[in-house]
Amino acid sequence: MKKIFQYILLFISGIALGVLLFSENDFLGISDLINNQVENNYLAVEKPGNKEKSAFVQSAIPMLGKEIIVNGTIQEGYKNIENELVLYVSVSNIPFVVSCTLENTNMQIFSPIKLGEIISIKGRFTEIDTQMEMESCMVLKRESDTE
């Protein structure tokens with residue numbers, strides 16, 4: 001009888017502890033401590049990058065609609081619905097990935113694009129949000145052209 005009482009008591013205390021720790025009602029303020037700690041770490045890591053991005057966005061606004069040249073490394077590429085090649089290029093001095101849609105892809109690309117290849121492209125800067133968008137791009141120079 002004593003063991004049954006101990007098992008029942010252990011079972012009830014487990015349920016009470018589970019309700020206490022995992023319920024929406026925070027009786028001990030544990031989630032506030034955890035959330036505060038996560039927010040502190042998040043802000044310490046992300047805030048400088050956000051300042052850098054917002055400063056770049058402010059400096060890039062006057063260039064909207066103008067043609068620019070970027071030099072960087074190809075991260076990804078795919079063909080869109082119009083069968084144009086869209087490249088994602090990482091540029092060392094731009095805190096965003098540059099998305100560039102090549103105009104007349106078949107006339108510009110004669111050999112396959114390689115990930116990690118260094119490329120120089122010229123295009124019209126149209127938008128900056130989560131990435132920097134360029135349209136009507138032309139390939140000026142590719143790493144494979146020099147080999």
Checklist line | Val91 with Leu87, same ILVMFWY side-chain cluster at under 4.5 Å | finding: yes
Notebook entry, point to check: Taking atom OG1 of Thr101 and atom CD of Glu133, what is their separation to the nearest 0.5 Å?
Noted result: 7.0 Å
Check: Around Leu9, counting heavy atoms of other residues, nucleotides and ligands shown, do more than 12 lie under 6.0 Å from its CG?
Finding: yes
Check: Got a second to check how far Arg124's CZ is from Met134's CE, nearest 0.5 Å?
Finding: 10.0 Å
Margin query: Which heavy atom of Gln131 sits nearest to which heavy atom of Ser99, and what is that distance?
Written below: NE2-CB, 3.7 Å
Notebook entry, point to check: Would you call Ile119 and Glu117 a side-chain contact if the rule is heavy atoms closer than 4.5 Å?
Noted result: no
Notebook entry, point to check: Which heavy atom of Phe56 sits nearest a heavy atom of Asn93, and at what distance?
Noted result: CE1-O, 4.4 Å
Checklist line | Distance (rounded to the nearest 0.5 Å) between Met138 CE and Glu103 CD | finding: 7.0 Å
Next item on the list: State yes or no: do Leu102 and Ile68 share one hydrophobic cluster built from I, L, V, M, F, W and Y residues joined by side-chain heavy-atom distances below 4.5 Å, directly or via other members?
Entry: yes
Check: From Ile128 CD1 over to Leu64 CG, what is the distance, rounded to the nearest 0.5 angstrom?
Finding: 8.0 Å
Notebook entry, point to check: Closest approach of Met132 and Phe125, non-hydrogen atoms and distance?
Noted result: CG-CE1, 3.4 Å
Check: Testing Ile74, Ile69, Leu140, Val89 for side chain to side chain contact (heavy atoms under 4.5 Å, CB included) with Ile121, which one passes?
Finding: Val89
Notebook entry, point to check: With hydrophobic residues grouped by side-chain heavy-atom distances under 4.5 Å, do Val70 and Val86 end up in a single group?
Noted result: no
Next item on the list: Taking all non-hydrogen atoms of both residues into account, name the closest pair between Pro62 and Gln58 and its distance.
Entry: CD-O, 3.8 Å
Item checked: Reported OG-to-CD distance for the pair Ser136 and Glu84, which is rounded to 0.5 angstrom -> 8.0 Å
Note to self: Same cluster or not: Val97 versus Tyr78, using hydrophobic residues (I, L, V, M, F, W, Y) connected whenever any side-chain heavy atoms lie under 4.5 Å apart?
What the structure shows: yes
Checklist line | Derivation of the side chain to side chain contact (heavy atoms under 4.5 Å, CB included) call for Ile113 and Arg142 | finding: CA-CA 9 Å; Ile113 296 283; Arg142 285 178 57 190; 3.8 Å; yes
Notebook entry, point to check: What heavy-atom pair brings Asp129 and Phe96 nearest, and what distance separates the two atoms?
Noted result: O-CE2, 3.3 Å
Item checked: Same cluster (ILVMFWY, side-chain, under 4.5 Å), Ile12 and Ile4 -> yes
